[in-house]
Amino acid sequence: MAGPHTSDHERSEDVKTLHSMGYAQELARRMSGFSNFAISFSIICILAGGITSFPLAMTTGSGFEATVGWVIGGVFALVVAASLGQIGSAYPTAGGLYHWSSILGGRGWGWATAWINLLGLIFVVASVNVGVYALFKDLVWSGVFGHDVSAWGYQEQVIGVVIITVAQALINHFGIKLTTVLTDFSGYLILVVAVVLTAMFLIWGASWDFSRLTTFVNNTGDPGAGYVPTARTALVAFLIGLLYPLYTITGFDASAHTSEETHNARVAVPRGMIHSVLWSLVFGFVMAVSFVLASPDLAATAKDGANAWFNLFNNLPAPFWLKSIIAIAIVLANFICALAGLTSTSRMIFAFARDGGLPGSSVWKTVSPTWRTPVAAIWLGAVLAVAATLYSPAFAALAAGCALFLYVSYAMPVAAGLLAEGKTWTEFGPFRLGIWSKPFAVITVLGVLVLMYAGIQPPFDILINYAIGLIILLVVLWFGIESRRFKGPPIGADIARRALEIAAAEKAVGQTAG
């Protein structure tokens, strides 16, 4: 992976690639290949979804869903990451998916991708930060320090989420270097805590009954305490349970969104995406195995519903000091997860605004000459993430659906690439899938259609109304206003015409080519 001692040649190649797509090097290129991997690995954060979504596996297909289901979902995510990586290698820009969809599928397809991706990113930050607050309250403030939090309610949550989000925005504000230090640290932290947590469950709880890892038990309805409200067929239960790995292994488009800040981006971006998914798949699987083996009674764990993991952890007869350290580390990893999510969201806002895609684009596309970060976009992302948590019914639905929106936005450029490859798409980067390109694209598109079906089943069925509303709104906006107003990313002669603008933008932030 490209390190801090990246050659001048690589640096100038990165800038040249960006110029060839009609964009200025305004952001600071300070991320190594490892940092590009770490930011996606931090957002995936198996210590977030791998823990909070564990009840979903238990209340659908029990041990089989948590282990075999995790592998199936994880391998699918790997296929998606490889498909996106191939496109990212050809077009390494901060806009990522939106830019790719525009080039391969047209302005309208790109514009729709942008809004769906942005919605998913905002709700990832929002939902993880509510999770950070809840984990801090229950695991640390109450569990470690013994404070009574029974009187804490909605007001405390709002204050907590605001404090958490403002802290993440400030870290993002003051340059990619500080953010990178934290996400690099988080990469190691997640691995170490996952290993220690796995060891704790195996040492102090394991039954070593391996048959439970491959035994499917349909726990929908009453056996799962109504977590999935009504009893469903085994197949539907299995499909809903696949949301356990797929809610966890998402957000890896961060590698693409930070590509303009990464050395040797055409190589580092696909590698960052694929490695972040692969290691999350491996470590998340081992961790899930330990949870299943450590459950005293799988039927009782399923009956615990939403509290399934917390009850397992709290009842584990491990030393108090060790559980306390792990609890604090889990909260810290979740904080950095949302911090990396805000980085990703702000780069998406910046890139979309750079092409005039947002109301007030001239404000959101600005880059601080001092910090070389899109400061306005960072704070807009923070405000939207907090606002998203304020209306409970919408938040509950969209937090559950954030991965669904992200995977739909992942499938959109891949679907466009499937149709364009060999026709209008003839320029590729160093990372190529070769004969696997079209089969992987077909698997991605079909898999996301299955995920869409699973993602709107109860208890997530409220998403149907939001999804229909979003589609109608996008169609009306596009055909009513945006199809005439929005030009999309520069292509053809527009790129050449931008040469003077690029030079002026780079001069404004004190950047010289190379």
Side-chain angles (χ1 to χ4, degrees), residues 18-19 21-29 91-103 106-125 168-169 172-173 175-176 179 253-254 256-261 341-388 405-406 409 412-413 473-474 477-478 481-491 494-495 497-498 501-502 504-509 511:
L18 197 55
H19 287 180
M21 291 184 284
Y23 295 116
Q25 181 66 59
E26 294 178 89
L27 304 173
R29 226 176 251 278
Y91 308 109
T93 71
L97 312 159
Y98 141 71
H99 196 156
W100 308 338
S101 278
S102 300
I103 293 169
R107 285 182 311 135
W109 194 243
W111 181 83
T113 303
W115 282 108
I116 294 168
N117 184 236
L118 196 52
L119 191 67
L121 287 169
I122 288 164
F123 272 90
V124 163
V125 177
Q168 291 159 345
N172 268 291
H173 182 125
I176 191 65
T179 304
D253 50 325
H257 290 307
T258 52
S259 57
E260 291 179 31
E261 293 154 278
L342 185 58
T343 308
S344 201
T345 306
S346 65
R347 272 45 172 190
M348 177 60 212
I349 291 170
F350 159 76
F352 196 29
R354 183 169 59 178
D355 293 331
L358 291 169
S361 282
S362 59
V363 176
W364 315 125
K365 71 177 183 180
T366 55
V367 173
S368 161
T370 307
W371 305 109
R372 300 288 298 280
T373 54
V375 167
I378 289 165
W379 288 100
L380 176 62
V383 168
L384 292 174
V386 171
F405 289 114
L406 284 181
S409 72
M412 291 176 78
L473 182 63
L474 289 178
L477 276 177
W478 178 252
I481 306 167
E482 294 294 279
S483 60
R484 294 187 298 278
R485 189 199 67 80
F486 177 62
K487 293 185 173 62
I491 50 171
D494 288 340
I495 294 173
R497 280 197 287 270
R498 279 202 182 193
E501 286 176 43
I502 288 171
E506 290 181 352
K507 190 178 177 186
V509 294
Q511 165 71 18

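Position 1 is the first residue of the sequence, and the numbers go up from there.
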* Is it true that a side-chain atom of Glu506 and a backbone atom of Gln25 form a donor plus acceptor pair closer than 3.5 Å? -> yes
* Asked: Salt bridge or not for Glu261 and Arg347, using N-O below 4.0 Å?
  -> yes
* Asked: CZ of Arg29 to CD of Glu260: how many Å apart, nearest 0.5 Å?
  -> 6.5 Å
* Taking all non-hydrogen atoms of both residues into account, name the closest pair between Pro359 and Trp364 and its distance. => O-NE1, 2.9 Å
* To do: Give the minimum heavy-atom separation between Trp100 and Pro413, together with the two atoms involved.
  => CB-CB, 3.9 Å
* Mark yes or no for whether Ser483, through its side chain, and Trp478, through its backbone, hold a donor-acceptor pair below 3.5 Å. => yes
* Look up atom OG1 in Thr343 and atom CD1 in Ile378, then write down how far apart they are to the nearest 0.5 Å. => 7.5 Å
* To do: Could you go through the side chain to side chain contact (heavy atoms under 4.5 Å, CB included) check for Asp253 and Asn117 one step at a time?
  => CA-CA 10 Å; Asp253 50 325; Asn117 184 236; 3.1 Å; yes
* Asked: Is a donor on one side and an acceptor on the other found under 3.5 Å between the side chain of Ser409 and the backbone of Thr113?
  -> no
* **Flag, side chain of Arg107 to backbone of Ser102, donor-acceptor distance under 3.5 Å** => no
* Asked: What's the shortest heavy-atom distance between Phe350 and Pro374, and which atoms?
  -> CB-CB, 3.8 Å
* Heavy-atom closest contact (Ser259 atom, Ala94 atom, distance) -> OG-N, 3.8 Å
* **Least distance between heavy atoms, Ser346 atom then Ala377 atom** => O-CB, 3.4 Å
* Residue list, salt bridge (Lys or Arg N to Asp or Glu O under 4.0 Å) with Arg484, at least two apart or on another chain -> none
* Check step by step if side chain to side chain contact (heavy atoms under 4.5 Å, CB included) holds for Trp115 and Leu358. => CA-CA 9 Å; Trp115 282 108; Leu358 291 169; 3.4 Å; yes
* Within a reach of under 6.0 Å around CH2 of Trp111, are more than 12 heavy atoms found that belong to other residues, nucleotides or ligands? -> yes
* **Approximate separation, where rounding is to 0.5 Å, of Ser344 OG and Ile122 CD1** => 11.5 Å
* Asked: Ignoring hydrogens and geometry, is there a side-chain-to-backbone donor-acceptor pair from Thr366 to Val363 under 3.5 Å?
  -> yes
* Anything under 30° is parallel, anything over 60° is perpendicular, the rest tilted; go ahead and classify Tyr91 against His99. => parallel
* Separation between OH of Tyr98 and CD1 of Ile116, rounded to the nearest 0.5 Å -> 14.5 Å
* **Check: Ala169 main-chain N/O paired with Trp379 side-chain donor or acceptor under 3.5 Å** => no
* To do: Calculate, to the nearest 0.5 Å, the distance between atoms CE and CG belonging to Met348 and Leu121 respectively.
  => 7.5 Å
* For residues Met412 and Ala112, report the shortest heavy-atom separation together with the two atoms involved. => CE-CB, 4.0 Å
* To do: Take Leu342 and Thr179 through the side chain to side chain contact (heavy atoms under 4.5 Å, CB included) test and state the conclusion after the steps.
  => CA-CA 10 Å; Leu342 185 58; Thr179 304; over 6 Å; no
* **Partner of Asp355 under salt bridge (charged side-chain N to carboxylate O under 4.0 Å, His left out), chosen from Lys365, Arg498, Arg485** => Arg498
* To the nearest 0.5 angstrom, please state how far the CD1 atom of Ile103 sits from the OG1 atom of Thr93. => 7.0 Å
* **Test item: Thr373 side-chain N/O and His173 main-chain N/O as donor-acceptor pair under 3.5 Å** => yes
